[in-house]
2 protein chains.
Amino acid sequence: MNREPARTGGVVDGAKVSLHDVAARAGVSPSTVSNVLNGRLGRMRPSTRDRVRQAVRDLGYVPNQLARQFRTGQVRTIGLIVPSVANPFWGLVARRVEQAASERGYQVLLCNSERDPGREARYAETLLDSGVRGLIFGSSPLSFDHLATFRSRGLQIVAFDRSLAGAGAPVVGSVEIDNVLAARLAISHLTGLGHRRIGFLSGPIRTVSRRARLAGYQEALAAAGIEHDPALVWEGTSVATFGDADGAELGRTGAHHLLSMPDRPSALFTINDMYALGAYAGAGDLGLRVPDDVSVLGFDDLPVLAEVAMPPLTTVRQPVPSMMRFATSQLIGRLEGEMTGEPRHLTATPELVVRQSTAPPSPAGRTENRREPSRGERQNRADRTGRDDTTRAPSIPRVVRGRRPGRGV
Amino acid sequence: MNREPARTGGVVDGAKVSLHDVAARAGVSPSTVSNVLNGRLGRMRPSTRDRVRQAVRDLGYVPNQLARQFRTGQVRTIGLIVPSVANPFWGLVARRVEQAASERGYQVLLCNSERDPGREARYAETLLDSGVRGLIFGSSPLSFDHLATFRSRGLQIVAFDRSLAGAGAPVVGSVEIDNVLAARLAISHLTGLGHRRIGFLSGPIRTVSRRARLAGYQEALAAAGIEHDPALVWEGTSVATFGDADGAELGRTGAHHLLSMPDRPSALFTINDMYALGAYAGAGDLGLRVPDDVSVLGFDDLPVLAEVAMPPLTTVRQPVPSMMRFATSQLIGRLEGEMTGEPRHLTATPELVVRQSTAPPSPAGRTENRREPSRGERQNRADRTGRDDTTRAPSIPRVVRGRRPGRGV
DNA sequence: TTGAAAGCGCTAACAC
DNA sequence: GTGTTAGCGCTTTCAA
């Protein structure tokens with residue numbers, strides 16, 4: 001006997017109305033109501049269908065999702081695991097995933113991993129427990145071994161980089177920009193300006209994408225005939241316990257290190273824009289100006305922030321809207337059983353957005369041209385136009401001048 | 001007959017094990033297993049309890065949350081509605097809520113409202129449908145009327161400002177800083193520096209907190225004997241369809257407007273740090289330097305970003321960790337039936353963090369001292385210490401010099 | 001101190 | 001075309 005029954009369905013003035021009530025009122029059976037509700041109208045008499053719909057309206061019936069979920073074992077929810085919600089880039093990603101998911105009637109559970117495999121596994125566990133079967137990984141660890149056991153429990157993962165490897169991994173799809181190419185694009189721009197000593201500034205290189213960017217950096221240097229100096233690669237160790245000291249802090253610290261070298265780099269390529277902004281500050285701490293004394297090149301093109309930075313940041317843009325639309329539809333397609341077979345992958349095209357944080361290296365001596373910093377000054381800039389990158393990316397990387405895409409919806 | 005049964009419970013090699021299996025193995029009834037699992041060990045023989053626990057282990061049993069949720073109508077999930085996930089501040093808030101919730105075994109569903117009541121209502125609807133009964137509102141609209149009908153369906157809301165009003169509103173608790181005081185703190189700092197014309201730069205003033213900040217601004221001006229000039233209040237209209245043009249963009253536009261006035265303000269108080277960063281750019285566009293030509297004072301103290309900005313941003317800090325801990329425990333307390341009665345409210349204490357974006361107004365003429373902008377320059381700063389604001393806030397507002405709290409966990 | 005039994009609201013196989 | 005029926009896995013009375 002139930003004194004405290006589940007009551008999640010439609011409620012009118014406190015009285016719960018179930019599918020049975022609708023059936024009774026429409027003079028049909030529960031299964032018929034169920035069929036109407038789920039669009040199984042194959043050989044149903046239109047009059048029956050209409051009677052049911054009328055009854056639903058009359059009673060203000062709302063299906064009990066919990067019952068449905070329980071019965072079908074299906075939850076219309078996917079998880080999105082991001083490495084750091086302190087970086088607005090992941091907010092952007094989350095919005096796009098949420099948008100694509102909601103078009104399919106799905107919800108998104110946002111999970112902040114802080115790049116911690118333990119947290120990732122715990123999230124997977126919890127989500128699995130509550131019926132979630134699909135996960136998007138915003139930034140994938142080098143291995144999915146810690147998630148392999150979840151495969152047998154039906155977990156499916158779409159990754160935001162080329163994480164197809166790993167035999168046991170439940171990865172069913174992926175989307176990325178060509179990170180190697182992106183880094184080469186960035187470095188070529190710098191070498192094109194005449195830079196020979198270019199620092200690589202990153203946090204822990206424990207993700208597929210970071211590793212690829214480092215590879216691209218090395219390749220581009222080699223292509224330009226510049227010998228690789230390992231001392232110019234700074235890989236910060238994250239000490240943040242809860243993410244407050246994300247990229248920007250590390251970027252600053254890293255800039256301190258690299259720019260204090262006897263033969264300091266004339267340009268810094270940072271793993272993302274937050275690091276770049278931190279590098280601005282780090283350079284400033286040492287009395288160095290951007291881009292006069294040191295060029296800084298970021299990654300992500302954080303909406304508005306990169307434009308608004310001082311000086312406006314040269315950076316690599318990823319077409320987030322289309323990428324996340326692909327990722328989400330892949331995942332939901334799998335969950336709905338529309339897609340099977342081999343994992344599918346999309347490689348999108350990065351763009352270099354040239355603004356004012358990069359310039360030719362200063363002709364003056366390296367270490368000598370420091371000066372006492374003074375009050376901040378600014379760049380005049382009016383380089384904004386509307387453009388929409390939500391459509392398909394072109395097949396070759398583009399280099400654009402400081403524009404920003406329109407707001408696709 | 002079920003060919004495709006729900007299978008969410010514990011799975012060992014593909015075989016689902018239910019509570020009945022555990023009961024069978026332990027030689028007890030399902031209800032006994034249920035009692036063990038739910039800690040109802042009142043008058044249970046320890047040996048029975050242990051046998052059940054052993055059976056659980058042996059079989060690798062994991063309770064089917066979906067079944068439990070369905071049966072009880074209770075979901076261990078709360079929703080968090082934030083106005084803009086493009087603003088890292090809300091990322092910070094989300095992390096803290098998630099942290100506090102997970103300590104209680106709750107999950108957080110992050111919802112991005114873009115300040116759209118329609119989206120808010122739709123989220124409430126969806127969440128309610130899927131069994132969620134608790135919601136935290138990151139930024140509350142002036143009225144909760146559009147949510148009043150959800151009250152009868154059991155929805156409970158904790159708001160991030162003093163939204164107790166509204167008879168029908170399902171608000172059961174709230175937490176805020178004293179926004180009036182915070183704004184007065186900010187404005188007093190500016191008037192103390194000698195500013196008389198101070199702009200107020202905001203997006204749509206349709207939230208409780210923004211309205212309060214405007215009130216504080218006006219009060220502080222009055223207290224300083226400065227007559228209020230409505231032309232100095234700029235209330236931007238958001239045109240962003242999907243948030244990309246959040247604060248920073250509006251801040252820039254607003255700065256253009258205010259700083260192009262014939263008798264332009266010598267200082268700008270912005271509704272949040274993103275606006276402040278945008279205002280930096282807007283000032284720069286006009287060839288004005290911060291703080292030499294115009295002071296800028298923000299709100300939120302975005303971790304790292306505010307410090308790293310150029311010049312480092314003077315801003316008002318809210319003690320997010322303690323605030324969100326209160327909000328979350330209030331909400332979960334209600335959901336668990338531990339708390340009843342009147343809504344409870346916490347008012348936390350804001351702090352003014354003085355950095356380098358504010359300075360006395362320039363003695364030179366107002367509109368005349370523009371100049372052509374040049375390459376960015378920087379501030380030297382090393383004003384960082386560790387401090388923990390996760391403990392109780394003091395009862396009087398503090399003014400600190402550019403420090404940043406330690407990372408509470 | 002434990003067990004039996006009923007049923008939450010829905011779906012789907014199968015009968016008619 | 002539509003109805004009958006048998007549960008999904010769990011919780012909770014109430015009886016023993």
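Everything numeric here is computed off the predicted structure, so don't read it as measured data. Throughout, protein chains are lettered first and strands after them, A, B, ... in sequence-line order, and every chain is numbered starting at 1.
Distance, Asp50(B) CG to dT2(C) P: 11 Å, rounded to whole Å. In this structure, the OH atom of Tyr61(B) is 7 Å from the C1' atom of dG9(D), given to the nearest Å. Taking atom CD of Gln65(A) as the reference point, atom C1' of dC8(D) lies 17 Å away to the nearest angstrom. Across the protein-nucleic acid pair, Arg76(A) atom CZ and dT11(C) atom P stand 12 Å apart, rounded to whole Å. The nearest whole Å value for the distance from the CG atom in Leu66(A) to the C1' atom in dC8(D) is 13 Å. Between the CD atom of Gln69(B) and the P atom of dT11(D) there is a distance of 11 Å, rounded to whole Å. dC10(C) atom P lies 12 Å from atom NZ of Lys16(A), rounded to whole Å. The distance between atom NE2 of His20(A) and atom P of dG7(C), rounded to the nearest whole Å, is 12 Å.
With sequence neighbours left out, the side-chain contact (heavy atoms from CB on, under 4.5 Å) criterion links Thr126(B) to Gln107(A). Not counting sequence neighbours, the partners of Thr32(B) by the side-chain hydrogen bond (donor to acceptor under 3.5 Å, both in side chains) test are Ser29(B). Annotation: side-chain contact (heavy atoms from CB on, under 4.5 Å) contacts of Ala67(A) (sequence neighbours excluded): Asn64(A), Phe70(B). Arg115(B) pairs by the salt bridge (Lys or Arg N to Asp or Glu O under 4.0 Å) definition with nothing, not counting sequence neighbours. Taking Glu125(A) as the reference, Arg153(A) meet the side-chain hydrogen bond (donor to acceptor under 3.5 Å, both in side chains) condition, with sequence neighbours excluded. Qualifying salt bridge (Lys or Arg N to Asp or Glu O under 4.0 Å) partners for Arg104(A), counting only residues two or more places apart in sequence or in other chains: Glu338(A).
By the 4.5 Å heavy-atom criterion applied to side chains, Leu128(A) and Arg133(A) are counted as neighbours.
Within the helix from dT1(C)-dA16(D) to dC16(C)-dG1(D), the inter-axis angle between the opening and closing five-pair segments is 30°, rounded to 10°.
Residue Phe70(A) and nucleotide dC8(D) are classified as a stacked aromatic pair, their ring centres being separated by less than 5.5 Å at an interplanar angle below 30°.
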- [ ] For Arg51(B) and Gln54(B), run side chain to side chain donor-acceptor pair (under 3.5 Å): C-alpha distance rounded to whole Å, both residues' side-chain angles, the deciding distance at 0.1 Å, then the answer.
- [x] CA-CA 5 Å; Arg51(B) 249 182 312 136; Gln54(B) 189 55 49; over 6 Å; no
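Both Gly27(B) and Ala67(B) lie close to DNA chain C; mapped to their nearest nucleotides by heavy-atom distance, the more 5′-ward contact belongs to Gly27(B).
For residues 114-139 of chain B, the pairs satisfying ring pair (Phe, Tyr, Trp, His ring centres under 6.0 Å) are Phe137(B)-Phe144(B), with sequence neighbours left out.
Listed by residue number, the members of residues 28-45 of chain A with any heavy atom below 4.0 angstrom from DNA chain C are Ser31(A), Ser34(A), Asn38(A), Arg40(A).
Taking only side-chain nitrogens and oxygens, Arg68(A) comes nearer than 4.0 Å to OP1 or OP2 of dT11(C).
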